[in-house]
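Notes to accompany the following structure.
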Amino acid sequence: MSDQDNDHFHGHVHDPIEEGAALRVRALEELAIAKGLVDPAALESVIEYYERETGPRNGASVVAHAWTDPTFKDWLLRDGTAAIHSMGFKGYQGEHMRVVENTPDVHNVIVCTLCSCYPWPVLGLPPAWYKGPAYRSRIVREPRKVLTEFGLNLSKHRKVQVWDSTAEIRFMVLPQRPENTDGLNVEELAAIVTRDGMIGTASV
Amino acid sequence: MSDQDNDHFHGHVHDPIEEGAALRVRALEELAIAKGLVDPAALESVIEYYERETGPRNGASVVAHAWTDPTFKDWLLRDGTAAIHSMGFKGYQGEHMRVVENTPDVHNVIVCTLCSCYPWPVLGLPPAWYKGPAYRSRIVREPRKVLTEFGLNLSKHRKVQVWDSTAEIRFMVLPQRPENTDGLNVEELAAIVTRDGMIGTASV
Amino acid sequence: MDSIHDLGGMHGFGAVPIENEGYTFKDTWQRRAFGLTQSLAGTVPFCADMHRKKIEQLAAVDYLQLDYFEKWTIATTELMKDSGLVNDAELASGKKQFDVNQERHPPVSSVDLVDAMKTGGTYTFPDGSRHPKFFVGDQIKVRSNCAEGHTRVPRYVRSKAGIIRNIEGIFQFADSVANGMGPDPQPCYLVEFNAAEVWGQDAEAADDLLYLDLAESYLEHA
Amino acid sequence: MDSIHDLGGMHGFGAVPIENEGYTFKDTWQRRAFGLTQSLAGTVPFCADMHRKKIEQLAAVDYLQLDYFEKWTIATTELMKDSGLVNDAELASGKKQFDVNQERHPPVSSVDLVDAMKTGGTYTFPDGSRHPKFFVGDQIKVRSNCAEGHTRVPRYVRSKAGIIRNIEGIFQFADSVANGMGPDPQPCYLVEFNAAEVWGQDAEAADDLLYLDLAESYLEHA
């Protein structure tokens, strides 16, 4: 596995800045393994765990469940942690969850202005823009303008609520169920839910 | 004069970043001259004016005058603009002056947190540290610690007053006259006054 | 710490790079940097707030220019240096110069590491272990001070008035754990702020709301 | 504009480089950059607040990394581009591609330029031309809003309470002149702030004082 990774390593380096970063990471990895601080198999396992077992499909199934089961939806909004854990999505960065509901009157959007807190078990690891200075600086000050850039034009009669993840609670948006989806089952509904819909930068 | 300046220009460039900056400046200067927007003689004159006719020796003579003439000192603290202008030190960045007096109970220090405002006619152009992020960020929040780094250990019984130059008024500190200077005349007193004493990062 | 990482409300960072930056890992080294930090957290050991603190201590130009996962790796490296597990010469050469005590710093197996990720951290203490000072509906004001170390109260709400909307529970205090000073358990509150209170007359829409979870130490009665 | 230029109170910039940075000009090009900006100010024309605004609009990494006089030169260049006096192709090649109307943009002679420096700018309007809203001794609060353009109210006093210590006179308003919107004359006040009010319980000495000159538009009654 180590050889294969080294191939990957050499195969993708393009510019000097990235090369410096890649060398830095590789030096630390080799030292940590040489000193017996890291089990190379564990390193690979944890990456694979996040790539395979977390991600926005988990969150989408939570959303679809809430859209089709009023009792679950009520529970999800009242105790997001318990409701989400009941579906098996738990663990690091998802220990404490609050789900906030979009309605015709309210639109919610999440951010972490201080770093990049994000609900890993339900949404996976965050996209690069979520971690960058433009989103983090602007979404709290001018959420409507930022959302317009994402293609979401909100009526001025709709209240915007921004959730800044400053402590251990992680937020997730419950989008509005679109019109004309009465015929869809839970799996079909989950398929239309996007990562950005659960961040709040898309409508669904 | 232009040839001589070009020689200067080529003689002092050391590293790539500075070289880039120097080239940028030179390109703009040559374009401005080629387009007739700048008179090369005027460019040299204005630099020489600041180098020869402004600077902390002006401020020092104001301080020495105040130390030896109570009526002038009273005027200086009441109407710094008029008193300083009366000594011939006026012009750009010195149109409106406020002089603040150090006493056994109060120590004053000046800064411009937003850029680098500074009283040019009496102190000349500011030193690099005055314009840099460390001084500008810290002197308003932890003035005592910064002053200690400048070698100035203030008693906790002495109040620190920080003057942030946010508008058109420029500040200058009137340092305390040191002990054992009774025998000195105005010129000798002026000679012991330092630039940093009038910024407030030295005692005199 | 009032440093550049506290970005909320700042101007000048341009448009959100939506199109091209939807990725999590652009290159393999980012993927491995992520795994490396997760693999070492239990071994060194360090917690998230300690790791965040190291990132916040980067020079502003580095914070803004380095790749996200390079910053993670620098923070992890600094924590390992603080624990005496690597030194600068090793990092420069890439060659091990000394062994470490594996009993004190045991590597985590695949199974245990993935289990730890699935279990998550423990940040809370029993309700009732600390009596909350504020109640739902209380008007509060965020304190104006800012710790020079790690803290989790953004500058944009400092000195602002808000309303307690929920007592989230009794949590460890980030400022304390980041400094290795123990959990200092205390209530954490969901606080609601009006956009007009935070941004004044320039608010995009005066009645829009901002919600933050804030530790009791950050708050005072309005 | 809440950008990186507003440094007051930020952490993380290290020790003041006292020893090695006592200089004003380290190299000849800095000296000439200074003279160039002064020589062009009347010709383009531009005022200090317009020039500051251009510097504030630099990307944060450039603001922190470029030499002070390089930033001056970039700002001057941007103002010249805005006035149609140079274009990017000329700046890239260093070769003039078009002439400008010297009657509209007359060069300033040595005598006139030095005279202008000795005379200084005019920022004030007659006392009584605007009736001050606040008086000496009044308790005020700094407004919480921040213009997205140039402004001269630092973030560290925003939303803070202070006391009017002097009416400095009727001055042009920086926010307005920087945008080319005219002087918008208004009273400017010397405002005193307590260190404890500004920095909270972390203030070095609670009774230390901060003084800032602030335009009336920045203030409201406490």
Side-chain angles (χ1 to χ4, degrees), chain A residues 5 8-9 12 18 21-22 24-32 34-39 41-47 49 90-92 94-95 113-115 125-129 131-137 140-146 149-150 156 159-164 166-169, chain C residues 5-10 13-18 21-24 27-29 31-36 38-40 43 52 67-68 70 73 77 86 90-91 94 96 100 102 105 107-110 113-114 117-121 123 152 154 156 168 171 188 199 204 207-213:
Chain A
D5 289 325
H8 281 186
F9 188 91
H12 295 264
E18 290 213 359
R24 185 196 289 280
V25 173
R26 187 181 190 181
L28 188 66
E29 179 179 338
E30 290 181 352
L31 283 168
K35 288 175 183 243
L37 296 167
V38 163
D39 172 353
L43 195 160
E44 190 58 32
S45 296
V46 73
I47 302 168
Y49 167 70
K90 52 184 170 181
Y92 192 59
E95 295 91 343
T113 60
L114 296 174
C115 51
L125 300 175
W129 58 257
K131 302 177 284 189
Y135 183 75
R136 287 163 53 197
S137 63
V140 289
R141 182 167 217 141
E142 45 180 20
R144 290 166 185 272
K145 197 170 168 198
V146 172
E149 293 172 19
F150 274 91
K156 63 181 175 182
K159 195 191 286 284
V160 173
Q161 301 186 152
V162 183
W163 300 80
D164 189 356
T166 45
E168 307 301 349
I169 295 92
Chain C
H5 78 281
D6 185 357
L7 286 161
M10 285 194 79
F13 292 102
V16 180
I18 302 168
E21 304 205 39
Y23 62 84
T24 293
D27 214 328
T28 304
W29 68 265
R31 190 175 170 274
R32 295 196 76 75
F34 170 77
L36 190 56
Q38 299 303 333
S39 303
L40 283 161
T43 302
R52 291 182 187 120
D67 181 88
Y68 179 79
E70 183 169 12
T73 304
T77 305
V86 290
E90 290 180 319
L91 293 161
K96 184 180 81 167
V100 299
Q102 276 183 287
H105 302 282
V108 185
S109 72
S110 289
L113 185 57
V114 172
M117 294 295 123
K118 288 181 176 171
T119 304
Y123 313 113
R152 295 291 297 182
Y156 75 87
E168 304 282 34
F171 281 82
C188 178
W199 310 117
E204 256 190 338
D207 294 332
D208 282 348
L209 298 172
L210 294 142
Y211 290 93
L212 291 83
D213 285 314

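Within every chain, numbering begins at 1; the chains are lettered A, B, ... in the order of the sequence lines, protein sequences first and strands thereafter.
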**chain C contact via A/P126 - which portion, at a heavy-atom distance below 4.5 Å** = backbone
**Message:** Does any backbone or side-chain atom of A/L125 lie under 4.5 Å from a heavy atom of chain C? Answer side chain, backbone, both or neither.
**Reply:** both
**Fill in**
Closest heavy-atom pair, C/R52 versus A/C115, reported as atoms and distance to 0.1 Å, is NE-SG, 3.4 Å
**Message:** Using 0.5 Å steps for rounding, measure from the CD atom of A/E29 to the CG atom of C/L40.
**Reply:** 9.5 Å
**Request:** Find out whether C/I18 and A/Y135 are in side-chain contact, i.e. whether some heavy atom of one side chain is under 4.5 Å from a heavy atom of the other.
**Result:** no
**Asked** What is the minimum heavy-atom distance between A/A42 and C/S109, and which atoms define it?
**Response** CB-C, 3.8 Å
**Prompt:** Once you round to the nearest 0.5 Å, how far does CZ of C/F34 lie from CD1 of A/I47?
**Reply:** 8.0 Å
**Request:** Report yes if some heavy atom in the side chain of C/Y211 is under 4.5 Å from a heavy atom in the side chain of A/V162; otherwise report no.
**Result:** no
**Request:** Any chance you could measure C/C188, atom SG, to A/I169, atom CD1, to the nearest 0.5 Å?
**Result:** 4.5 Å
**Item:** Partner chain C: residue of A/A34, A/G94, A/A32, A/P127 with the largest heavy-atom pair count (under 4.5 Å)
**Value:** A/P127
**Prompt:** Hey, is the main chain of C/G121 close enough, under 3.5 Å, to the side chain of A/E95 for a donor-acceptor pair?
**Reply:** yes
**Request:** May I ask you to decide if A/E142's main-chain N or O and C/W199's side chain share a donor-acceptor pair within less than 3.5 Å?
**Result:** no
**Part of C/V108 within contact of chain A (heavy atom distance under 4.5 Å)** = backbone
**Asked** Hey, does A/E44 have a side-chain heavy atom less than 4.5 Å from the side chain of C/R31?
**Response** yes
**Minimal non-hydrogen separation, A/T113 against C/P154, with atom names** = OG1-CG, 3.9 Å
**Request:** Applying salt bridge (charged side-chain N to carboxylate O under 4.0 Å, His left out) between C/D208 and each of A/K156, A/R144, A/K159, report the one that passes.
**Result:** A/R144
**Request:** Below 4.5 Å from any heavy atom of chain A, which atoms of C/Y23 appear? Answer side chain, backbone, both or neither.
**Result:** both
**Asked** Under 4.5 Å between any side-chain heavy atoms of A/V160 and C/L209, yes or no?
**Response** no
**Prompt:** Which heavy atom of A/W129 sits nearest a heavy atom of C/P17, and at what distance?
**Reply:** CB-O, 3.9 Å
**Item:** Spatial distance of atom CZ (A/R26) from atom CZ (C/R32) [nearest 0.5 Å]
**Value:** 10.0 Å
**Message:** Heavy-atom cut-off 4.5 Å, strictly under: side chain, backbone, both or neither for A/Y49 against chain C?
**Reply:** side chain
**Message:** As an exercise: rank C/T73, C/L36, C/D207 by heavy-atom pairs under 4.5 Å with chain A and give me the winner.
**Reply:** C/L36
**Polar side-chain atom of A/K90 near backbone of C/T119 as donor-acceptor pair, under 3.5 Å** = no
**Complete:** Comparing A/R136, A/K35, A/R24 against chain C, the one with the most heavy-atom pairs below 4.5 Å turns out to be A/K35
**Asked** Which bit of C/Q38 comes within less than 4.5 Å of chain A, counting heavy atoms only: side chain, backbone, both or neither?
**Response** side chain
**Prompt:** So which of A/D39, A/V38, A/L43 has the biggest tally of heavy-atom pairs under 4.5 Å with chain C?
**Reply:** A/L43
**Fill in**
Assert top hit (heavy-atom pairs under 4.5 Å, partner chain A, pool C/D6, C/L210, C/T43, C/V100) equals C/L210
**Message:** side chain to side chain contact (heavy atoms under 4.5 Å, CB included), that's the test. Do C/E70 and A/V25 meet it? Break it down for me.
**Reply:** CA-CA 7 Å; C/E70 183 169 12; A/V25 173; 5.9 Å; no
**Side-chain touch A/P133/C/L7, heavy atoms, less than 4.5 angstrom** = yes
**Asked** Any side-chain heavy-atom pair from A/W163 and C/L212 closer than 4.5 angstrom?
**Response** no
**Asked** Quick one: CG on A/L28 to CG on C/L91, what's the gap to the nearest 0.5 Å?
**Response** 6.5 Å
**Message:** Show the nearest heavy-atom pair for residues C/R152 and A/T166, with the distance to one decimal.
**Reply:** NE-O, 3.0 Å
